[in-house]
Amino acid sequence: QVQVVESGGGLVQPGGSLRLSCTVSRGTFALYGMAWYRQAPGRQRELVASITSGHNTNYVDSVKGRFTISRDNTKNTVYLQMNSLKPEDTAVYYCKAAATFWGRGTQVTVSS
């Protein structure tokens, strides 16, 4: 069974930065498309960023220029570097592997 574990969330002030990590155990990580989603209270879960096995990336418009998704196949890990954070980025951030396997999420709170 593929396991997906996120880390790196926390409380940060507006304008600050965080880096989320998502590590996948079992399976063939290098072949997986990977994605970060987020869900704010009272809102639907939305796709934030994705990266293919070939390292092609895609972002939702609201984070373009601020967030960067990357992957390290030697560590079975995908990252989400989040800069210039805004209060509206507050949400639980989830990692998804191979369009199938979800992690449990990590809370990101942007507040002064």
Side-chain angles (χ1 to χ4, degrees):
Q1 179 72 15
V2 173
Q3 293 182 332
V4 179
V5 179
E6 304 96 335
S7 62
L11 173 63
V12 63
Q13 292 186 343
S17 298
L18 282 176
R19 188 176 81 157
L20 305 183
S21 300
C22 167
T23 300
V24 177
S25 61
R26 302 188 182 94
T28 310
F29 178 81
L31 300 181
Y32 292 163
M34 299 294 299
W36 286 98
Y37 288 74
R38 66 186 179 187
Q39 187 166 19
R43 302 191 66 175
Q44 289 188 332
R45 192 172 297 189
E46 67 168 347
L47 176 63
V48 176
S50 62
I51 185 167
T52 68
S53 58
H55 293 250
N56 293 315
T57 59
N58 195 30
Y59 300 90
V60 68
D61 285 347
S62 59
V63 308
K64 285 181 179 177
R66 301 188 298 121
F67 290 11
T68 302
I69 188 171
S70 61
R71 65 190 298 158
D72 184 343
N73 290 343
T74 67
K75 297 181 179 180
N76 284 11
T77 299
V78 63
Y79 303 99
L80 186 67
Q81 178 67 45
M82 305 185 295
N83 298 328
S84 301
L85 282 161
K86 304 175 181 180
E88 52 263 43
D89 294 317
T90 295
V92 178
Y93 284 70
Y94 297 91
C95 181
K96 190 175 186 180
T100 301
F101 306 104
W102 288 97
R104 294 185 176 184
T106 185
Q107 175 71 46
V108 172
T109 303
V110 185
S111 175
S112 55

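By the 4.5 Å heavy-atom criterion applied to side chains, Gln107 and Thr90 are counted as neighbours. Between Asn76 and Ser25, every side-chain heavy-atom pair lies at or beyond the 4.5 Å cut-off.
Sorted by first and then second residue, the disulfide bond (SG atoms under 2.5 Å apart) pairs involving residues 44-74 (not counting sequence neighbours) form an empty list. The ring pair (Phe, Tyr, Trp, His ring centres under 6.0 Å) analysis of residues 46-90, with sequence neighbours excluded, yields no pairs. Within the structure, every pair that satisfies the disulfide bond (SG atoms under 2.5 Å apart) test and touches residues 15-112, not counting sequence neighbours, is listed here: Cys22-Cys95. Judged as a disulfide bond (SG atoms under 2.5 Å apart), not a single pair has a partner in residues 51-81 (not counting sequence neighbours). Within the structure, disulfide bond (SG atoms under 2.5 Å apart) pairs that include any residue of residues 45-82 do not occur (at least two apart or interchain).
With salt bridges taken as basic N to acidic carboxylate O contacts below 4.0 Å, one links Glu46 and Arg38.
Using modelled atom types, no side-chain atom of Thr106 and backbone atom of Tyr93 make a donor-acceptor pair closer than 3.5 Å. The main-chain N or O of Gln1 is found under 3.5 Å from a side-chain atom of Arg26 such that the two form a donor-acceptor pair. Proximity of a side-chain donor or acceptor of Glu6 to a complementary backbone N or O of Arg104 within less than 3.5 Å is detected. Formation of a donor-acceptor pair under 3.5 Å by the Ser62 side chain with backbone atoms of Val60 is not found in this model.
Other members of the cluster containing Trp102 are Tyr37, Leu47, Val92, Tyr94, with ILVMFWY side chains joined at under 4.5 Å, either directly or via other members. Grouping Ile, Leu, Val, Met, Phe, Trp and Tyr by side-chain contacts under 4.5 Å, direct or through others, leaves Leu31 on its own.
Here the closest non-hydrogen pair linking Ala91 and Ala40 is CB-N, 3.8 Å. Closest of all the heavy-atom pairs between Met82 and Val108 is CE-CG2, 3.9 Å. Across Arg71 and Phe29, no two heavy atoms sit closer than the pair NH2-O, 2.8 Å. Minimum interatomic distance between Tyr32 and Gly27 (heavy atoms only, all atoms of both residues): OH-CA, 3.1 Å. Pairing each heavy atom of Ser112 with each of Pro14, the nearest pair is N-CD, 3.7 Å.
When the side chain to side chain contact (heavy atoms under 4.5 Å, CB included) test is applied to Val5, no partner is found at least two apart in sequence or on another chain. Applying the side-chain hydrogen bond (donor to acceptor under 3.5 Å, both in side chains) rule to Thr52 yields no partners; only residues at least two apart in sequence or on another chain are considered. Considering only residues two or more places apart in sequence or on other chains, Arg66 meets the salt bridge (Lys or Arg N to Asp or Glu O under 4.0 Å) condition with Asp89. By the side-chain hydrogen bond (donor to acceptor under 3.5 Å, both in side chains) test, Thr23 pairs with Thr77, sequence neighbours left out. Asp72 meets the side-chain hydrogen bond (donor to acceptor under 3.5 Å, both in side chains) test with Thr74; sequence neighbours excluded.
With values rounded to the nearest 0.5 angstrom, Leu18 atom CG is found 9.5 Å from Asn83 atom CG. With rounding to the nearest 0.5 angstrom, the CD atom of Gln81 is 9.0 Å from the CG atom of Leu20. Summarising the geometry, atom OG belonging to Ser50 is positioned 11.0 Å from atom NZ belonging to Lys96; distances are rounded to the nearest 0.5 Å. Interatomic distance, Asn56 CG to Ile69 CD1, rounded to the nearest 0.5 Å: 11.5 Å.
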side-chain contact (heavy atoms from CB on, under 4.5 Å) evaluation trace for Thr100 with Val2: CA-CA 10 Å; Thr100 301; Val2 173; over 6 Å; no
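Atom CD of Gln44 sits in a sparse spot, with 12 or fewer heavy atoms from other residues, nucleotides or ligands closer than 6.0 Å.
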